[in-house]
Amino acid sequence: MRTLAQNEVERHMLHCPTVDNLRHWSKTYSAKPHLAGDLQHAESIRDLWRSYGVKTELVCYDVLQNFPARSSLKLLSEDGAIAFEASLKEDEVVEDPTSSPANGLPSFHGFSANGHVTAEIVYANFGTLNDFKLLESKGISVKGKIVLCKYSKVFRGLKVRAAEKFGAAAVLIYSDPQEDGEFTAANGYKPYPDGPARHPTSIQRGSVDFFSIAVGDPTTPGYPSLPGPGTERRDPKGAIPSIPSLPISFADALPLLESLNGRGLSPEDVGGIGTDWRGGLPGVDYCTGPSVVEASVLNHGEYRYSPIYNVIGTIPGRTKEIVMLGNHHDSWCCGAVDPVSGSAAMNEVVRGLGELCSAGWNPFRKLVISSWDNEEYGLVGSTEFAEEHENELTEHCVAYLNVDESTNGGTILGAIGSPLLANALSTVMRLVPSPVHDSTTVYDDWASLKKEYRATAPKPMSLLSPMGTGSDYTAFFHHMGIPSLDLVFNKRGTAVYPYHSNYDSYLWIEKFGDRGFKKHLAMARLWGTLAVRLAGIPLLGFNARDYAATLEKHVKHLHAKKVTSLELTALEDAVAEFAEATASLDELGGGSDLMTVAGTIVSRTQVGVNEINRRYRGVEKSFILNAQEGLPGRPWYKHLIFAPGLWAGYDGVVFPGILESLEDGDIGAANEWAVRIAQRIKKASLVATGQDRQQR
Ligand SMILES: CC(=O)N[C@@H](CC(=O)O)C(=O)N[C@@H](CCC(=O)O)C(=O)O
């Protein structure tokens, strides 16, 4: 067999995926729900990948899970009679064959506490930490009450955590039309399936684990939940809620909100003029309450240890280095978007890789393709795997590329990740045709988003937002310091995405989410091409100067806070030094063959590909705290530069130690963090220039 050239390999990954196949997998996988632990589904993925010629195995863990058993929500009248009983179900939509309530889980939160609470209701806006602080400052207590709040802004588990902190007894979370942008009935849009607005009975299920504290099985923090009696199980207290919660639709929330009309403070009294406390439901004045009448919330799930099954495909490489790809295969309902739009693309990538192997491709790095189980309860399958293989992955895995959803209806790529990967991503984005325009690329579409980019060349680093959490990259990036990306076409959507509801269906994809499956196609091409570029070329196509530029930008943000006693000189000096060190590394990594480093002429061959790669990888690793350390109050999170916002969840923050100390009003601690981070950045500079070796 002849050796395949890298450009042939990339061309194959660009041309191999087909709309017909993507449509087929979308329809097949979203025909029924696949709750975590679905062995048959995992086996079918394994068998498919094997049929593509890729060595594939199942990897099993036993993890704590709750399974819904009984739930109810009632609004009582003043004499205690039932005034309203919530349906806690989505209406079946005749045109949408998978929308029957029999198909999805009941209204339910993963890791919610069991309980039966009867109490008055208090409306708490989005249920953010600040919303609870504001309520308290205005004399409205949630102590012992049932908190009713809207879904957006922060991760649902952190709403429950905040409610718990302020003494609430239970939490109800609903999706308000206010969260749906222009696509609302008030703007004349029809609800699904006749139009792009949210169906009034749509319910967002999901986990309420405290994911900014730790992810994975909450009873095995930092080590794998291996099957068998030898695995120590710890009390999950502090990682999951101790009060019950339920997700509800706005149809079910309406009578509860109406019961608060005229009770307590108005939105303007709490949040001021133009406040977001006022939602978008007609006939509701969004008063805080407490209500005069009580509600009754029952949530009962069966907690037990249960097996989950990761599907792991492997393509051998010529070295021990690894490039990993990840998507998950579990879903709350039928999940045509989450995760099937990503799983369909993954199948096409695996098929393409299998074909390359049959044609004799033998990549420089090993490829590990993972279809994770149990992402939905808290990134459990990926985290347990990462914890089991922590040493090998830390040593050999050069990059982790995650696609949870190919698209949630958006048409422009949104990416989060390590700045080291921005340049590699942008170069591949230039190769992939746009899913929406005839003569542009995925890159052009992204660049057209921002006005300023039309005049000047956009900087690749601005492609990437900081990594928070919410999908399976978390253990790889935040726990182990493996440069990671998470990709999704999520910007400029044309309908409300029915996230974690029974309407996340094949029909929704066909009608609103991705009519011609072009976004699925673009994702399969992008993901596969980036994977073979990173696996196939010995010199890692990383860019470290983007890392320094990201740090420069966020030091400026710290300055803009105008905290006079915050001492940033050491941090600024370290970042300036890092900018020089990374620029010289990028010259070695991507520039001409001869260059001057610290006054000496060296060539790339003198430095050597292995050494250049070692330096790039060492940059990210320099920011990882050791096994005994971690971020304050969340030792599982080990990246000093990036972390999920402690009370925000999905969004990432930069310099978490400094920011959290400032939020606590502890300037001393903020200054200590600034010094500590500066020391790590200096270490990263030594690695980038290779001086760490000379110093040993
Ligand atoms: C599409 C996707 O990535 N879905 C993610 C959220 C996101 O990253 O946008 C998702 O639904 N993640 C789960 C994770 C649950 C957890 O970690 O506890 C979620 O419910 O948010």
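Numbers for residues simply follow the sequence, beginning at 1. If you're wondering where the values come from, they're calculated on a predicted model, not measured in any experiment. All ligand and atom numbering here is 1-based and tracks the order in the structure.
Within ligand 1, counting atoms from 1 as listed, the ones closer than 4.0 Å to a heavy atom of E405 are 1 (C), 2 (C). Set against the non-hydrogen atoms of D404, the atoms of ligand 1 under 4.0 Å away are 1 (C), 2 (C), 3 (O), 4 (N), 5 (C). Every atom of ligand 1 with a heavy atom of G378 under 4.0 Å away is listed here by number and element: 16 (C), 17 (O), 18 (O). Set against the non-hydrogen atoms of H500, the atoms of ligand 1 under 4.0 Å away are 11 (O), 19 (C), 20 (O). Listed by atom number, the atoms of ligand 1 under 4.0 Å from D338 heavy atoms are 4 (N), 11 (O). Numbered from 1 in the order shown, with element, the atoms of ligand 1 that lie under 4.0 Å from a heavy atom of S207 read 18 (O).
Taking every heavy atom of both residues into account, L413 and N490 meet most closely at C-OD1, 4.3 Å.
Distances between N or O atoms of Y473 and those of ligand 1 include no value under 3.5 Å. The shortest N or O to N or O distance between R156 and ligand 1 is below 3.5 Å.
Cation-pi geometry between R205 and F108 is not met: the NZ or CZ atom fails to fall both under 6.0 Å from the ring centre and inside 45° of the normal. In this structure, K150 forms a cation-pi arrangement with F126, its terminal cationic atom sitting closer than 6.0 Å to the ring centre and no more than 45° off the ring axis. Cation-pi geometry between R198 and F183 is not met at under 6.0 angstrom from the ring centre and within 45 degrees of the axis.
Nearest protein heavy-atom neighbour of atom 18 (O) of ligand 1: D209 OD1, 2.4 Å. Among all protein heavy atoms, the one lying closest to atom 21 (O) of ligand 1 is Y650 OH, 2.4 Å.
Among the candidates S484, S465, S471, P466, the single residue satisfying the side chain to side chain contact (heavy atoms under 4.5 Å, CB included) test with I416 is S465. The ring pair (Phe, Tyr, Trp, His ring centres under 6.0 Å) test with F155 is passed by exactly one of W647, F211, F210: F211. Tested against D96 for a side-chain hydrogen bond (donor to acceptor under 3.5 Å, both in side chains), the candidates W508, Y506, Y192 yield a single pass: Y192.
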>> Checking F477 against H639 for the ring pair (Phe, Tyr, Trp, His ring centres under 6.0 Å) test, could you report, in this order, the C-alpha distance in whole Å, the side-chain angles of both residues, the deciding distance, and whether it holds?
In response: CA-CA 8 Å; F477 186 65; H639 206 303; 4.8 Å; yes
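Side-chain atoms of S99 and E90 form no donor-acceptor pair, as typed in the model, at a separation below 3.5 Å.
Both the backbone and the side chain of E376 come within contact range of ligand 1, each with a heavy atom under 4.0 Å.
Remark: distances from the non-hydrogen atoms of F155 to ligand 1 include one below 4.0 Å.
Closest heavy-atom approach to atom 14 (C) of ligand 1 among the candidates G110, S212, S471, G470: G470. Of the listed residues (Y377, F210, Y499, F211), the one carrying the non-hydrogen atom nearest atom 19 (C) of ligand 1 is Y499.
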